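Can you keep this structure in mind? I'll have questions shortly.
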Amino acid sequence: MSKRGWQEIPIAGIPFLESTEYHTGDWKVFRPVIDEQKCVKCGNCWMFCPDSAIEWDGESVPKPNYKYCKGCGICAEECPAKAIEMVR
Amino acid sequence: MAKEFVPNIRQLPKFMKEDPGILPGHRACAGCGCAIILRQLMMARRKPLVIANATGCMEVVTTIFPYTAWKTPWIHVAFENAAAVAAGIDAGRNKLQRSGRFSDDPDVSVDYDVVALAGDGGTYDIGLQALSGALERWHNFLYILYDNEAYMNTGIQRSGGTPFGAWTTTTPVGSKIKGKPLTKKPIVDIVVAHRIPYAATVSPAYWVDALKKFRKGLETEGPAFIHAFGVCPRGWRTDTKDTIKLSRLAVETCFFPLYEVVNSEWYLTGPSLTIAKNPERKKPVEEYLKLQGRFRHMLLPENKWMLEKFQELVDENWEIILKRAKNV
Ligand SMILES: Cc1ncc(C[n+]2csc(CCOP(=O)(O)OP(=O)(O)O)c2C)c(N)n1
Ligand code: SF4
Ligand code: SF4
Ligand code: SF4
Ligand SMILES: [Mg+2]
């Protein structure tokens with residue numbers, strides 16, 4: 001009988017694609033729109049988005065990424081400048 | 001001693017863009033507070049992480065075959081053994097570091113932080129003995145409990161972390177018994193009883209406090225534990241936009257006080273310390289409860305006693321913590 005080692009164990013479920021290939025943006029009903037005039041660049045929307053769907057460089061006005069944004073509305077709710085509107 | 005980590009909102013985006021740790025495209029429900037906790041953990045890294053993740057929402061939503069949202073070594077373990085697997089990873093890391101097996105291989109690094117990640121079911125209930133064992137064996141790892149207060153992944157069943165009165169599918173609201181008749185297990189007390197060097201509570205609404213604590217947990221030599229407050233719009237029957245508001249109200253009402261326990265000494269932090277010094281700032285629990293469908297029955301006039309009991313439980317717990325805290 002051959003000795004069985006770890007090399008013989010079949011590889012089971014290893015997810016091999018990055019989730020970025022899956023676009024959760026289809027889920028949304030409302031999408032956040034940022035008013036550049038009102039935005040004070042505080043970063044709240046970037047910090048609290050559960051889906052890393054706010055793109056921000058730390059300086060400019062952030063930009064929602066609709067490919068992933070699920071439309072939860074947290075960013076709009078937490079914006080101190082009321083610069084984000086959720087639109088259908 | 002490492003230099004104190006001061007999170008800077010202007011620099012964090014660059015750090016996260018270069019090395020996100022967790023990617024978008026995961027399938028947590030819209031507005032999931034637990035997904036925010038994962039991002040904040042990533043923002044606090046000092047080294048690469050190796051994560052052992054118990055079965056539960058955060059495991060399922062991040063790795064729906066064939067996709068993964070993790071940009072860091074990660075393993076899905078059983079429901080009950082996140083701490084045991086993290087302990088094994090720690091032991092393996094020690095052995096590799098000591099033997100110097102990869103010391104001249106530029107492609108292999110054995111310098112990383114070990115994290116166990118589990119929900120309330122996987123911590124208060126089925127994972128408790130694995131956790132206790134790993135703490136007793138003094139493994140060098142950070143255990144993160146993301147507490148959404150029920151078994152959410154399998155359909156909102158109550159756990160030892162479900163609070164008094166909450167509706168779940170296994171604590172329904174009937175004519176005699178309305179929601180969970182029992183109370184929330186004091187999990188941090190149980191963990192702290194192991195006399196570990198670091199334990200803390202975090203709420204994602206207070207992100208500076210949270211990031212500092214995550215970093216301290218990672219830097220701790222020996223076992224560290226973080227109890228993170230994870231709003232679950234799906235199971236709590238809350239509006240997705242209210243996740244951070246609820247994470248804030250839980251602290252402002254003292255339902256979920258923020259503190260750290262360093263070598264068995266308790267210290268209130270952030271807004272909880274402010275409330276301790278200015279008790280008039282403590283909000284009534286009703287403000288927290290009324291936004292949540294799972295507590296709806298408690299606001300009916302005939303169930304007033306439930307609301308009062310909830311407030312009493314919160315007050316009792318707060319008094320206990322105030323007595324323990326060294327900085328009030
Ligand atoms: C031994 C065992 N029993 C039951 C299950 C089914 N199960 C998977 S996840 C889960 C609940 C997880 O609850 P929790 O730890 O609170 O995580 P959440 O889903 O709420 O994030 C259960 C019961 C399992 N995987 N293994
Ligand atoms: S609506 Fe929600 S998912 Fe979309 S960008 Fe705002 S916080 Fe992120
Ligand atoms: S939360 Fe509002 S003000 Fe702050 S960066 Fe985002 S859009 Fe601008
Ligand atoms: S059920 Fe709750 S914890 Fe699970 S992914 Fe949905 S919102 Fe998050
Ligand atoms: Mg849970």
Side-chain angles (χ1 to χ4, degrees), chain A residues 6 11-32 39-80 82 84-87, chain B residues 7-17 20-40 42-43 61-71 74-76 204-208 210-211 230-233 238-248:
Chain A
W6 62 270
I11 289 177
I14 296 183
F16 55 91
L17 294 178
E18 290 191 348
S19 59
T20 42
E21 293 187 35
Y22 188 88
H23 297 166
T24 51
D26 304 352
W27 298 9
K28 75 172 97 46
V29 179
F30 297 95
R31 73 191 149 88
C39 172
V40 296
K41 301 161 188 163
C42 68
N44 269 9
C45 52
W46 176 83
M47 174 56 71
F48 295 132
C49 174
D51 289 279
S52 317
I54 296 274
E55 284 171 8
W56 192 42
D57 58 8
E59 291 162 26
S60 334
V61 176
K63 239 182 90 183
N65 184 340
Y66 298 131
K67 225 165 41 179
Y68 304 110
C69 165
K70 294 170 185 165
C72 69
I74 291 177
C75 53
E77 189 69 19
E78 296 306 319
C79 173
K82 302 244 172 302
I84 307 181
E85 201 190 336
M86 299 299 292
V87 301
Chain B
N8 181 334
I9 190 81
R10 310 253 156 237
Q11 276 149 24
L12 288 169
K14 204 177 290 157
F15 174 76
M16 289 295 279
K17 198 176 169 100
I22 182 136
L23 297 170
H26 63 69
R27 272 171 271 177
C29 312
C32 176
C34 304
I36 304 175
I37 294 167
L38 299 187
R39 286 189 65 226
Q40 293 185 347
M42 292 302 175
M43 291 176 201
V61 303
T62 53
T63 53
I64 294 181
F65 191 80
Y67 302 100
T68 177
W70 298 97
K71 284 292 271 181
W74 175 94
I75 183 170
H76 166 210
Y206 301 97
W207 62 268
V208 177
L211 264 60
V231 174
C232 169
T238 57
D239 197 327
T240 58
K241 73 170 174 23
D242 287 340
T243 292
I244 291 299
K245 192 192 281 176
L246 287 161
S247 308
R248 204 178 291 123

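Heavy-atom basis, side chains included; hydrogens, waters and symmetry copies ignored. Because the structure is predicted, anything quoted here is derived from the model rather than measured. Note on naming: letters A, B, ... go to the chains in the order of the sequence lines (proteins, then strands), and numbering restarts at 1 for each one.
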Quiz prompt | Closest non-hydrogen atom pair, B:Ile244 against A:Ile74 | solution = CG1-CG2, 3.8 Å

Practice problem: Output the option from B:Lys17, B:His76, B:Met16, B:Met43 having the highest count of non-hydrogen pairs under 4.5 Å with chain A. | Solution: B:Met43

Self-check item: Leading residue by heavy atom contact count with chain A [cutoff under 4.5 Å; candidates B:Ser247, B:Pro204, B:Gly25, B:Ala69]
Solution: B:Gly25

Quiz item: Among A:Ser52, A:Gly71, A:Gly73, which has the most heavy-atom pairs under 4.5 Å with chain B?
Solution: A:Ser52

Quiz item: Rounded to the nearest 0.5 Å, how far does OG1 of B:Thr68 lie from CD1 of A:Ile14?
Solution: 11.0 Å

Exercise. Work out which heavy atom in A:Ser19 is nearest to a heavy atom in B:Pro24; give both atom names and the distance.
Key: OG-O, 2.8 Å

Self-check item: Option in B:Ala28, B:Pro66, B:Cys29 with maximal non-hydrogen atom pairs under 4.5 Å from chain A
Solution: B:Pro66

Quiz item: A:Asp57 versus chain B, heavy atoms under 4.5 Å apart: side chain, backbone, both or neither?
Solution: backbone

Self-check item: Which atoms of B:Arg27 approach chain A - backbone, side chain, both or neither, heavy atom under 4.5 Å
Solution: both

Quiz item: At a heavy-atom separation under 4.5 Å, does B:Cys34 approach chain A through its side chain, its backbone, both, or neither?
Solution: neither

Practice problem: Under 4.5 Å heavy-atom distance to chain A, tell me which part of B:Ile22 shows up: side chain, backbone, both or neither. | Solution: backbone

Quiz item: Is it the backbone or the side chain of A:Trp27 that comes under 4.5 Å from a heavy atom of chain B, or both, or neither?
Solution: side chain

Quiz item: Do B:Tyr67 and A:Phe16 pass the side chain to side chain contact (heavy atoms under 4.5 Å, CB included) test, and can you show the C-alpha distance, the side-chain angles, and the key distance before you say yes or no?
Solution: CA-CA 6 Å; B:Tyr67 302 100; A:Phe16 55 91; over 6 Å; no

Quiz item: Do you know which two heavy atoms are closest between A:Glu18 and B:Lys71, and how far apart they sit?
Solution: OE2-NZ, 2.6 Å

Exercise. Apply the test side chain to side chain contact (heavy atoms under 4.5 Å, CB included) to residues A:Tyr68 and B:Leu23: give CA-CA distance (whole Å), side-chain angles for both, the deciding distance (0.1 Å), then the verdict.
Key: CA-CA 10 Å; A:Tyr68 304 110; B:Leu23 297 170; over 6 Å; no

Quiz item: Which atom names give the shortest non-hydrogen contact between B:Gly31 and A:Cys72, and what distance separates them?
Solution: N-CB, 3.3 Å

Practice problem: Heavy-atom pairs under 4.5 Å with chain A are the metric here; pick the option from B:Pro233, B:Gly33, B:Ala205 that has the most. | Solution: B:Ala205

Quiz item: At what distance, to the nearest 0.5 angstrom, does CD of A:Glu77 lie from OG1 of B:Thr240?
Solution: 9.5 Å

Quiz item: Are side-chain heavy atoms of A:Tyr22 and B:Ile64 found at a separation under 4.5 Å?
Solution: no

Quiz prompt | Heavy-atom side-chain contact between A:Met47 and B:Gln40 under 4.5 Å | solution = yes

Quiz item: Who among B:Lys14, B:Lys245, B:His26 has the most heavy-atom pairs with chain A under 4.5 Å?
Solution: B:His26

Quiz item: Can you name the closest pair of heavy atoms from B:Ile36 and A:Phe48 and give their distance?
Solution: CD1-O, 3.2 Å

Quiz prompt | Portion of A:Cys69 that has a non-hydrogen atom of chain B nearer than 4.5 angstrom | solution = neither

Exercise. Using atom types as modelled and distance alone, determine if a side-chain donor or acceptor of A:Lys28 lies under 3.5 Å from a backbone N or O of B:Ala30.
Key: no

Exercise. Measure across A:Trp46 and B:Arg39 and return the closest heavy-atom pair with its distance rounded to 0.1 Å.
Key: O-NH1, 2.8 Å

